[in-house]
Structure formats: structure tokens, C-alpha cells
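Here is the naming used below: chain letters follow the sequence lines, and residue numbers restart at 1 for every chain.
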Amino acid sequence: MRKPVAPPRVAAWLLRLFLGAREHETLVGDLQERHTQIAAVNGSRAATRWYWRETIDALVSLATDTTTPGAYPREDSPVRHMLTDIGYAWRTLRRSPTHLVVCALTLGLAIGGMGAIMSVITPLLIEPLPYPNAGRLALVWEKQASGETSNTTFATFTDLKRTVKSIDLAAAVGDWEPTISGSDAAERVQGLRVSADYFRVLGVLPALGNDFQRDQDIPGTTRVVMLSHGLWQRMFGADSQMIGKAIDIGGRPHIVAGVMPASFDDALSPRAEIWRVLGYGVEQPFACRTCRHLRMLVRINENSSIANATAEMDAALRSLATTYPKDYPAAGGSVVGLQEQAVSRVQSVLMALFGAVALILFLAIVTVANLQLTRTMRREGEFAIRAALGAGRIRIARHLLAEALVIAGMATLLSMIVTYIVTPLLVSQLPPSLPRLSSIRMGGLPLAIMLGIGALTTLVIGVLPAFRMQHYALADALRGSQRGSTGRRRTLRNTLVIVEVALALVLTSGATLLARTVRDLMHEDSGFNATNVLTMEIQASGPRYGDDAAIRAHHEAIVERVRQIPGVLSAGVTNQVPLGGNIDGYGVMAEDKPLPNPELAPGADRYVVTPGLLDALGARVLQGRGITADDDRDSTRLVALVSASLARRIWGDESPIGKRIRVGGDQRPYFEVVGVVNDLRHRGLEQAEGMQFYVPSHQWFFSDDVVTLVVRTSAPVEGMQRAIVDAVRAYDRSQPIMRVLTMDALMRESTGQRRLALTLFAAFAILGALLAIAGLYGVLASSVTERTREIGIRAALGASSSNIVGLVMRQSFALLLLGLAGGIVGTLAVVRVLRSMLYGTTGADPMTIAGVVAAAFIVGILSSLVPTMRALRIQPTVALNVS
Amino acid sequence: MLGSLEQIILLAIVRSGNNAYGVTIANEIEQRTGRSPTMATIYKTLSRLEEKHYVRSVSGEPTAVRGGKAKRFFRLTPDGRRELRESLEMLRSMAPDFDLGFET
């Protein structure tokens, strides 16, 4: 005899759970025997798959098999009863697909929204940071006389560490952005310079190698670094022989002490990939008491608290101020929990989102409960007949609960899909400087909350109608005696609908205004042509690029190489690009328009460029000429271009050509204006005036080691990106390339905040509209049902169809108009808040709002149609018969 | 009138003789027809047949290869036998020897 092979455990457990004892005995015995056979012939994987298919089929046929009473699995089990109820509820609901879809969609989207926001909130605000006793970690700030907090200094750090008793360990932290040269490429990465105890404060050990030692943290000793797991894999091929070896950082050797675990997430600098020992001594000039450029991380003593530490820290800083009155403002200091500090920028936004989602969820549950109630009322006759035929009240209540379970179950499944899709979208909109972004996913807590909400919803939308059926004598329903909701409940329901309509209107108007803003911005004349333009930061640093000539030569050689690539139309470098986020500006003084106060000189963005740059950007020379290669060779005639707005600001209608300007102070020479360029929207697409001046790179008084290369191609730039990057990298592999972005991507990025607001508003608007439609429909439908007899009598007495339509529509109009009026008021209030984000339309654009109101009105009328049709179909005889 | 799955299962019981239970019935169907209905489907049909008193079942002894679970053996009742015969006769009379255009 064959030795039995164990079937998949979960499947076996499910069968045991759902099958009655007798059916379990035979069916599972057969499955087990056949599973062993199949495993012997086709292997265990095929057998497992087979077993699962059998299990699912068995459960499904159990759940749906109520047609043959006393069908094979005839034994009673409570689960079986439930499955029967669910199967029946499913078939009843399937006969009202609109009801099912509206309920499941409304709830599913709302619960999904909650799941997404919970997924984001959980690792950021709820779970502690991933360090042992993370609640004891805090940052120490000095306070300025203004009350603002500031960084601290190495001297202060050393004193505080020594004197404050409530801290166990402390580390000083400074920013660092080194360029690392690997075997075939260089990279500029984010890093930190930290005192030796840093990782001990956090309580995390390196996965490989050793932690920093205190004797490595002395000025003048060997430079020691710690690598992140990601950097170690990316640049060094996860070579475990790296420990103790030297790597090239900025042209100097640094010894690798260790590699941090892959799970390590630095909450002080989430993008940090490398850490170097600080190596400060109090005697060094940059360790002075006013050199405030360090952060202080502390681990608070177990017997103390943040409050205690704050008090002690404050006192210590005040006492330092008495010792060194010139160096401290005597304002004390503050201690802020590391987590609170890390999420401070987004906490309020996230909580506001959470509040909005919770409100929507509440409205969604109430609305769906209302719809179920309406549905139940319409079926009172059916229930009464079933009760008369012997179905107990419990059985009817169970049926209603089963319907609720089906609706809530579908909604919960849908919500998981929604959460799965929405969470990454939400994460992509959060600032990348937040810690733990990589830990945001649909984890255990959000899942548990979604299931909990699903269960709660089942109860609310199931028990409410069931409760009503209990209270309401079924015999009355059979007799059709006049029923109806009490006035109070009707008011409540009407209020709900009015609020929903108003909310939907506010959200839709907000979304529409934002959508118009984003569209307008993307179509504004930005001054450049973003199609098929690639930008990237290139760099010339280190011992080989010691002087301006070498740096310029590097940049120009790269431009020349890129120009040789087939398909490249033009290329150039500039110290900054429009929308690149750099604010590098100078006051521009005109020789013929002297100003009494140089502060009044108009500020303009500095563009130090090579000859091909304007073509690459697609900026147009409106007057005069552009910058040519001759300008670079000629150091005697200094030339400049100005933007149209700058020219108008300085010279009005006069032609600027031939005039002379000076930037950077009185000692600087004059540049002759030889051309006028169209304005560039440098700081943002919404910027109306573009104030710029352009100078040939050879004529500027220093050379920028980091510049942006701009390349225009004839073919779609995405396809050429690789070739261009490769060509740049091949020139000097020791130099990093950063921020490789198309101009289109820069434009999208610059509208990012608005896009996020738009996305949120649009998502909420869809939900809000759905809620309003469902709510309005529910109220009208239940009112038609309640007034069946009245309508029937009216029809019998000769009321025309239009009279009856008017009856329903009057109620619909009243609710809609009240809701829309509230919505318009709400919209005006929201526009005030949104004003800083809107553009082009001056806030509450009447046409837009009128359009949205009209649309909302039409949708409202449409959702009243079904109840109206139902009222029209009421036959006078039927209506009178029930009484 | 028997459904086609009912016919096939009754025939499988006949073919399995004294050893007709879930696994042998399933194997018989799979080997002869190439189709493999799931156990739940087979049992649903069997219970319908039992309702109609065409088959009868008795419990067997538990065995190790079945994880200590007992078999349920099925046999045709005289009614079942007659119904199956009539049903097959009907098929034969409806599909005589001429070419229907779909026979292989």
C-alpha cells in the first residue's frame, strides 16, 4: 500500500471548517486517497494544485447549492447554514445589480481610501521607528532669541554631552554629499558625517565589519566610512572583501569600516547611503560655539523622559549662555522626539487626509445603510409572505444580515484592490526626505482595520434594517396599513442628502478648478520648448580640475562629444535650467540708469551658458543676436543677453542693444547687451515675468564646477537618453552624473504639488458624487415607497403622469437646491484656501462653478429618475388593494 | 430521464463492480472519457441519484491511505439499473447507425 502524502494544510483546514462531519469523512477520505495517487504519478506540486482546485470547487458548490434541498452534504453545521444564507442573499442581490454595484462601490472606495491612508500613517505616525526603544531617541536644538530653533555646534555638543545627566548617549551629525568613484563610474550620494557613537545611539549594528570606534573619531586620523547595504551592492558588487579596504571619495582614500543591514533606515537622513566619522576636535575653528551646522542626536536615559531631558538641556544651554554671553542668545534649547521631528512636515497633512477619509467613510456607511433600509421596505410584502409561510423573524433577520455580509464582503475585497493601487500613488507624492517610505505598504494593521470596518459595516447595514423588521409587525405589512418613517428620521435622512450634495459640489468644483490650473500651466508659454530635451547635472571636481580653465575644458569637451551623437540637434551647458529648482540670481545695474540704492536693482536669474544652450532650450532671440563661439574667444568685448521683461523693467521702450549692464558689485566690469531673449519661467510655470541675463561661460568671473547639460534631439529623447548618458560618462568616469531628467519631467515635477491636490480632490470628488447620487436616490426611493398608497389614490382620482412626476421631483428639487446652495457657499470657502494653488482663473471662476452646479443638477435629476418611474408605474388598483 | 453526468456516473459504478466509491468512480470516468469532474460534482450527482433511489450507499472501513477516513461504497438499486437501461436504449434509438456527421 502507498504511503499517504499529506494534503495542503490550509485547504484541509478549510474543508474541516466548512463541511459537516459525515460529508467530511467521505469526501476528504476520497480526496486524500486521490491526492496520494496523483502525487505518485504527477508529482506533489500537481497534486497540491489538484487538491486546491477540488477544495475550492467543494466550498463553492456548498455555498451555492441550495436548489436541491437535502442535497448530498445534508448534515447541519452552523457554517453550512451561513453559507446557505449567503448563497441565497447573493442570488437575491444579483437580481438588483444597480443596488449591489452602487453599495459595493461606495463602500469599497471609501474603505479603500481609509486603507490607503492607514497604510501611509502606520509606519510614519503609529509604529515606532525601527530602532530598539525608539521612543527614547531625540534631537536637541538650540533656541534663538526669536524663539526659532537652530542647529548646534561641536563645542556645545561636547559640553552638553558631558553635563546633561538624562542622556545616555549622544552623537553629533552633519550633512555630507560626497562623490564616490567606483570601478567604472562615479556617483554623488547623500551621506552624513557622524561622531563615533552615532550607530550606538540608534542601537543598530553593522551587518558586516565593525562599528565606528571612538579612537577613529579624532582630527587628522584616517578617514573611516560605513556603507549602506544598497550602496555596497550597487557600487561595489556586494563584495564582502571590502571591509578594511580603501575606496576613493573625492580623490582621497577612505577605509570601509562596515556595511549596514539592508533593513537599516536612517531617520535623520533617509536617503543617506554613506556615513563618515566626524573627526572634529573642539580646538578646530569650525567647532566654534557659533558654528551652528551640526544636529545633536541623543538617547534619553531609561529613568528620564523627554520632558526631563528638555528641562535639563534648557538649563544647561542657559548656563552656557552665562559663561559665553557673546556666543549664545540665552534662549535655552529644546528636545524633540526623533519620530515627531522626522514626520513633522507631513503630520498635519496626513491627519487632515485621515479626517476627510473618515468623514467620507462615515457618510458612505450611513448612505448604504439607508439604501438597504429602502430596499428592505420595498420588500416588506415579500418578507410578510415569507413570515406567513413559516419563516421565523430570526430567519428573515439572518437573510438581511447575509445580504449585508455579501455587500460588505464585496466592498472589502474592492477596498483592498483600491488600497493596493492608491497607496503607491500617495507615497510617490510624499517628500522623499521622509523616513520609512520604503516600509509603506498594505500591512497587517491597515488590513485589520479594513476588515474591522468591513465587519462593522456588515453589522450597521445588516442590523439596522433587520431591527426595523423586528419592530414592525409583519402582519401590518400584509395588510398594507399606512406606514412611514417618523418625521425625525425623515429630517435626518434629508439632512444627510443635503450634506452629501453640498460636499460633492465642493469637491467637484475644487477638482475642476485645479484641473484647469494644471492644464493652463502646462500650456502656458514657458519660454522654452520642452519637447525632446534631456537635462543632466555634470560635474568637474577633484584634483584634476583645479582651475577654471580645466573645468571649462571638461564641460566643453562633453558638449562637443554629445553634439557628435547622431540625432542630437543642439547641446549646451548652463549653471541652471528653468524649473530646476536653483535660485541663482543677481541684481542688474544698467550703466545709463544709475540707482541711488543698489538694493533697488532688478534681480535676474544668472544664466552662464555655452553657445548652443539657447537652441537646446528652445529659447528665442527676439532682438539682436545670441551668444556665439566668438564671444568665448574674445575676452576684450564682454557681452550679455537680457530677457524681454528685464529689458522692459530697466529701459522701458528703449532698445537695450548696445547698453551696458553690471552684476555682482561695483568692482565688476560692464557687459554690453547684444540681444534680447524671450522670458523663461525659471522659478515655476506660474511665474509671469521671466527676469534673466545671459553671459558666455568664458566671460564670467568664475566657472561653475557643477553645471546642467541640456541636449535637444530630433527623435524622442527617451530612446536617446542611454546613448547620451554613456557618452558623457565615457569622457571621465571619475565624475558623477546627477538628476538625469527630461524637460517634460521637470515641468511635471514643477506642478507636482498641484497635481497631488488635484488627484486628491478628484478622488474625493468621485466618492462624494457617488455618495450624493446614492443618497438622493435612497431618499427619493424610500419616500416613493412610503407614499405608494397616497400616489395610488392620487392616480385613482385622476392625477396625470405629470402631476405624479411633479410630486417626486418637487422633493428632489428641494433637496438638490438646498445641497447645491450649501455647496456653492462651501466652494467659495474652499477656493479661498486653494487660492495659492490656483492660477489663471482668479479663484472662484464663476463659469467653472456654474458649469459644475449645472452638471450636479443634471446628475441629481437623473438619479431621481428611477424612483420617479417607479411612482409612475404604481397602479391605482394595486395601491388601493394593499389597504 | 437521466442527465449525461448521471448516466456516466451510473456506468462508472457498474464498471467498478463491488469496489465503487469516490476514487474508483473518478478514476473510471477519467480513464474512459478523459474528463475529470471534481469530487464535489461527483458527490452532488451521487446524492441526487440517491434522492431518486437509483443508488444506495454503505460505509466501509477506514484505511490509512485515506487519512483514517472511511469509504462510502455505492451500488445501483434495481430502479437505477432499469432507469440506466432505458436511458441507454433511448440514446441508441435516437442515434441509429446512419452517419450523423459528427461521429469519428
- prompt: Which answer fits B:Thr24, side chain, backbone, both or neither, if we ask what part of it has an atom under 4.5 Å from a heavy atom of chain A?
  reply: neither
task: Might you point out which heavy atoms bring B:Ala40 and A:Ala58 nearest each other, and give the distance in Å?
output: CB-CA, 3.5 Å
message: So, taking the atom named CG in A:Asp30 and the one named CD1 in B:Ile42, what distance separates them when rounded to the nearest 0.5 Å?
response: 8.5 Å
message: Nearest 0.5 Å, please: how far is OG in B:Ser36 from CD in A:Glu54?
response: 8.5 Å
field: Test item: B:Arg66 and A:Val28 side chains (from C-beta on) under 4.5 Å apart, heavy atoms
entry: no
query: Would the number of heavy atoms belonging to other residues, nucleotides or ligands and lying under 6.0 Å from OH of A:Tyr420 be above 12?
result: no
- prompt: CG of A:Leu27 to NZ of B:Lys69: how many Å apart, nearest 0.5 Å?
  reply: 11.0 Å
Student check: side-chain heavy atoms of B:Lys71 and A:Glu33 closer than 4.5 Å: yes
query: Rounded to the nearest 0.5 Å, how far does OG1 of A:Thr26 lie from CZ of B:Arg72?
result: 5.0 Å
field: Neighbour count >12 (heavy atoms, 6.0 Å) for atom CZ, A:Arg94
entry: yes
field: B:Met39 and A:Arg34, any side-chain heavy atoms less than 4.5 Å apart
entry: yes
